[in-house]
Amino acid sequence: MIYINEHINDINLSVALQEISDQRREQALKFKNELGQRLCVAAYLLLKQGLREEYGIIDNPIFGYGDYGKPFIVDHPDIFFNMSHCREAAICVLSDSPVGVDIETIRSFKESLVNYTMNESECNQIENADHPEVEFIRLWTMKESLMKLTGKGISNNMKDILTDEVDFTTVECLDRGYIYTIARKRETLATEKKLFTLAV
C-alpha cells in the first residue's frame, strides 16, 4: 500500500512531535530547518497510518537497523516498509516483502552529476528526452529505490546498478513537481498485495 502526504504545511508540528516515538522525534529535530522536520514527521505519520489501517497496530513503531542502515520495525520484522520525502511530499510504502521507494523534486541538474551516476545509454536517454530534467529524475529515483530495496545505500558505482530482476513502478506527478519510484524484486510480485495510492 502506498501512502502520500502532499500537504506538509498543514501538519501541526508541535502536536505531531508529541504523537511520534522518542526515537523519531530525535531524528526529526536533527533537521535544522522546519521543512525538514515536517517531512521527517510526515513520513513517520504515514507509516503509523499504514500500520493502523492494514495491521491494526496502534503503537508507535520503533526502528532497528540492518548492516547498511536500512530500518525495520523491531516488533514486526515481517512487515516491510520504506519511506522517502522531498520538498513537495512525503511517501511511505508498506509491503509483505522487501520494498524500496524514492521520491524526488523535479529540478535542473548538473552535467557532472549525470556523468557520474548514469551509463552511456542512460545519458543518451536523458539527452534525447523531451524533458531531460524529468528523465534524469525518473532514472535517479529508480536507482535510489533499488539501493533502498537492497538496503545498501548510495553505491560508489550507480551507473550500472539497474537490473531486470527488479520491478520498478514510477509515477510522474508533473503538476505537483515530483516523481517517485517503488522497487520490488520480481519473484515477490505474485504474492504482493495490490497497491493503492492514498493521498492524505
| task | Can you establish whether the number of heavy atoms outside D175 located under 6.0 Å from its atom CG is more than 12? | result | yes
| said: Between Q27 and R24, is the side chain to side chain donor-acceptor pair (under 3.5 Å) condition met? List the steps. | reply: CA-CA 5 Å; Q27 292 173 339; R24 190 63 174 185; 3.1 Å; yes
| task | Give the intermediate values and the outcome of side chain to side chain donor-acceptor pair (under 3.5 Å) for residues N82 and S84. | result | CA-CA 7 Å; N82 209 224; S84 184; over 6 Å; no
| field | Straight-line distance of I8 CD1 to L13 CG, nearest 0.5 Å | value | 11.0 Å
| query | If you group Ile, Leu, Val, Met, Phe, Trp and Tyr by side-chain heavy-atom gaps below 4.5 Å, do V114 and M147 land in one group? | reply | yes
| query | I161 and L113: same hydrophobic cluster, using ILVMFWY side-chain contacts below 4.5 Å? | reply | yes
| query | Crowded around L174 CG? As in, over 12 foreign heavy atoms under 6.0 Å? | reply | yes
| query | Should M1 and L46 be counted in the same cluster of Ile, Leu, Val, Met, Phe, Trp and Tyr side chains packed under 4.5 Å apart? | reply | yes
| Check: K159 and T117 side chains under 4.5 Å, non-hydrogen atoms | no
| task | Classify the angle between the aromatic ring planes of F136 and F109 as parallel (below 30°), tilted (30 to 60°) or perpendicular (above 60°). | result | tilted
| remark: Only one of E104, H85, E6 passes side-chain hydrogen bond (donor to acceptor under 3.5 Å, both in side chains) with Y178, and that residue is E6
| Between CD1 on residue I91 and CG on residue N5, distance to nearest 0.5 Å | 11.0 Å
| Enclosure of N128 CG (heavy-atom neighbours >12, cutoff 6.0 Å) | yes
| task | Would you name the heavy atoms of R186 and D167 that are closest together and state the gap between them? | result | NH1-OD1, 3.8 Å
| request: Going by the ring-ring contact (aromatic ring centres under 6.0 Å, His included) test, name the single residue among F63, Y44, Y3 that passes it with F81. | output: F63
| Atom CZ of R107: over 12 foreign heavy atoms under 6.0 Å | yes
